[in-house]
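Below: one structure, written as structure tokens.
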Protein chains: 2
Amino acid sequence: MSGSRAEREDAQPAVTLADVGRLAKVSAQTVSNVLHRPDKVQPRTRKRVEAAIHQLGYQPNRAARALRVSASQMIGFRIVPTAPQAVGSLHDRFLHALGEAARAAGRHVLLFTADDADSEVVTASQLLRTGAVDGVVLYDVVAEDPRPAALLAARVPFVAFGRTTTGTAGYSWVDVDDEAGVTEAVDHLVARGHRRIAYIGWPERFSVGVRRARAWHYAMQRHGLPTDLDRRVDDTMDAGADTLDSFLDDPEPPTAVVTASDTLAVGAHHTASARGLEVGRDIAIVGFDDTPTAYALNLSSVGQPLTEVSVAIMELLIDELSASPGRTHQGRLLAPRLVVRKSSDRSFRR
Amino acid sequence: MSGSRAEREDAQPAVTLADVGRLAKVSAQTVSNVLHRPDKVQPRTRKRVEAAIHQLGYQPNRAARALRVSASQMIGFRIVPTAPQAVGSLHDRFLHALGEAARAAGRHVLLFTADDADSEVVTASQLLRTGAVDGVVLYDVVAEDPRPAALLAARVPFVAFGRTTTGTAGYSWVDVDDEAGVTEAVDHLVARGHRRIAYIGWPERFSVGVRRARAWHYAMQRHGLPTDLDRRVDDTMDAGADTLDSFLDDPEPPTAVVTASDTLAVGAHHTASARGLEVGRDIAIVGFDDTPTAYALNLSSVGQPLTEVSVAIMELLIDELSASPGRTHQGRLLAPRLVVRKSSDRSFRR
DNA sequence: CTGAAAGCGCTAACAT
DNA sequence: ATGTTAGCGCTTTCAG
């Protein structure tokens, strides 16, 4: 309350290595050794030191350690605002998985915001320069994404979730095998007896959209089924609803539909219900991303293995951080999982 | 490539205060002064130093600064996984707003995960002890929430988003005035000509649910309208759908419905459509939280002012950090905003 | 196997 | 108004 250091009066005493050493009758250095090179210290003294650490509730000071070893154990991640029209947020769930993976690796996630790709790169570089983070994770990297090259040029260690169409050899990435997911969805519907399986996807400008559409096309071809039930629209519920509507007006309407996203699938679900069709019996729908909404509406959906993705990303990033300059990078393609729910679980007979 | 310091070869030279001082022909201390007490240094030398800073692209080392001033400029935030059945994520949007507010205040958000309230408190305390964060933000604090008291006991500086029913004088909080939001929704519907306005809310165990329900009750009473159209259910789409269904089976069904969440509102929307009612014309629906899904379905909704909430939280937290021990804390109640969309924008005549 | 010395980059206090 | 000194807590040499 009085005196010049009033503002620190409520702070805990802050236990240091020296405090522990004092209690254990050893030097601070030995305490540090117990923590980092337990084999270098005699079992007896180690026991004593460990007891002292425990008794005092010692917690190493991160700033001091960071300063000394020039590594913050922090991973930067740009948080983007959810698109207003999207259903459920993959971003949100990924972030949680990443936080979990970081913790398992003894690190933490540092959030930052940025309005566009350029400022994301600038901010990331700045965070690295100031020692706030050791590296960053790039989310939703797409075909022509400028960020990998820019971060490479800025010498910011990073791992990408998603990948560009070219230059993937220059950096480490983890991606989900969309093709496999869509293929699984089509195979599943074929196994249920469907033959006219439509596809509602995104315009060509999205590389992910292209990959998913192509997979549908190949799968249909492989089964000897028609490949003309293919529409590309914006990723909104309305677009999904309208598209199914027009499909159903055809003389030979599809009996099942695979969509590039749950947002589109929710729209399709809406149309089916509005037309008095029972989803799962009269028409099958399979979405993509396994969002909370898919769960809520009992929609089958191809889910991304976010936990595995996060773990892989942390692994590659740590690799990246400890690696020598001229090393080679890695790409990892993870398989998604089809979650079958009511919207497609019954056998279909015309 | 060779030698013992190979692993640092790709790192930038890392400009320090001393480097800047050397270039500007002053001591490192003067450079520091230019940065922190510009008035204490002569305009001429300041210019020179600033030029040097700019030329070298100097960025202060956070770890060193943190060590020296024992403050990390980091705010801890526990990221919780989205509930599978909830629609859109307030959490996600709040996090973005908080990141933005933190940046504006020259700070960053550090993410952490925890399985329950207890481990959240333990982790927060640990992050504080290790100097990783200066304080934390508590999300979704409810009536009997044990976290404020626990953090207080652990002497972890924090600000709560939401508040407990008792003991709010002991800590700083920011909350949204639910009552005002619901009242606004009811008034709006009354102004549109509705008289039978139903309420679908949450069970009593949620304090937020109680507040919102009470506000509906009072508002209806004030307008001299019936207060029996009141149901409490779990926060799922299905519950919302079923509840509206049963309301509409009444001999005197409601013509409008206010819900405690968008999740419930989406369910209601679904039921209305399924029954061939045009939402906005045959029945009005107003949700809560103004989620992306409300936007997508053109649902009116009471939106929380997340940006203002975040700014207020940062303000109070900074206050908390710089304050003397025995100070008083603050509570701030912010008004939500009703966003009127198609689901309730028309006048209603029976 | 343990201790002593040095310094990471910064800033508060004092000295000039 | 600027420079010098010292030390935050830790770890990497190097001696003992």
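Note on naming: letters A, B, ... go to the chains in the order of the sequence lines (proteins, then strands), and numbering restarts at 1 for each one.
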Counting only side-chain N and O atoms of A/Thr45, is one of them less than 4.0 Å from OP1 or OP2 of C/dT2?
-> yes
Counting side-chain heavy atoms from CB outward, which of C/dC1, D/dT2, D/dC10 is closest to B/Gln42?
-> D/dT2
Selected nucleotide, minimal atom distance to A/Leu67 side chain, candidates C/dC10, D/dG9, C/dT2 | D/dG9
For A/Tyr58, the ring pair (Phe, Tyr, Trp, His ring centres under 6.0 Å) test, sequence neighbours excluded, returns none
[X] [atom1] - [N] [atom2] separation (whole Å):
{"X": "A/Leu35", "N": "C/dT2", "atom1": "CG", "atom2": "P", "answer": "15 Å"}
{"X": "A/Lys40", "N": "C/dG3", "atom1": "NZ", "atom2": "P", "answer": "15 Å"}
{"X": "A/His36", "N": "C/dT2", "atom1": "NE2", "atom2": "P", "answer": "17 Å"}
{"X": "B/Ile53", "N": "C/dG9", "atom1": "CD1", "atom2": "P", "answer": "17 Å"}
{"X": "B/Leu17", "N": "D/dG7", "atom1": "CG", "atom2": "C1'", "answer": "16 Å"}
{"X": "B/Lys47", "N": "D/dA1", "atom1": "NZ", "atom2": "C1'", "answer": "18 Å"}
{"X": "B/Asp19", "N": "C/dC10", "atom1": "CG", "atom2": "C1'", "answer": "13 Å"}
{"X": "A/Leu56", "N": "D/dG9", "atom1": "CG", "atom2": "P", "answer": "14 Å"}

The single option from B/Arg332, B/Glu320, B/Glu315, B/Gln330 that satisfies side chain to side chain donor-acceptor pair (under 3.5 Å) with B/Ser172 is B/Glu320
Give one of base, sugar-phosphate or nothing for B/Thr30, where a contact means two heavy atoms less than 4.0 Å apart.
-> sugar-phosphate
Exercise: do A/Asn33 and A/Thr30 side chains pair donor with acceptor under 3.5 Å = no
Verify salt bridge (Lys or Arg N to Asp or Glu O under 4.0 Å) between A/Lys47 and A/Glu50, making sure each step is shown before the conclusion.
-> CA-CA 5 Å; A/Lys47 283 277 186 206; A/Glu50 276 164 352; 5.3 Å; no
Could you list, one pair per line, each protein nitrogen or oxygen that sits under 3.5 Å from a nitrogen or oxygen of nucleotides 12-16 of chain D, together with the distance?
| unit_1 | atom_1 | unit_2 | atom_2 | d |
| --- | --- | --- | --- | --- |
| D/dT12 | OP2 | A/Arg37 | NH2 | 3.3 |
| D/dT12 | O4 | A/Gln29 | OE1 | 3.1 |

Parallel, tilted or perpendicular: rings of B/Tyr139 and B/His91 (30°, 60°) = perpendicular
When you look at NE2 of A/His54, are more than 12 heavy atoms from neighbouring residues, nucleotides or ligands closer to it than 6.0 Å?
-> no
Closest-nucleotide 5' rank along DNA chain D - winner of A/Ala18 and B/Asp39 = B/Asp39
Mind listing the closest non-hydrogen atom pair of A/Ser32 and A/Leu17 along with its distance?
-> CB-CD1, 3.9 Å
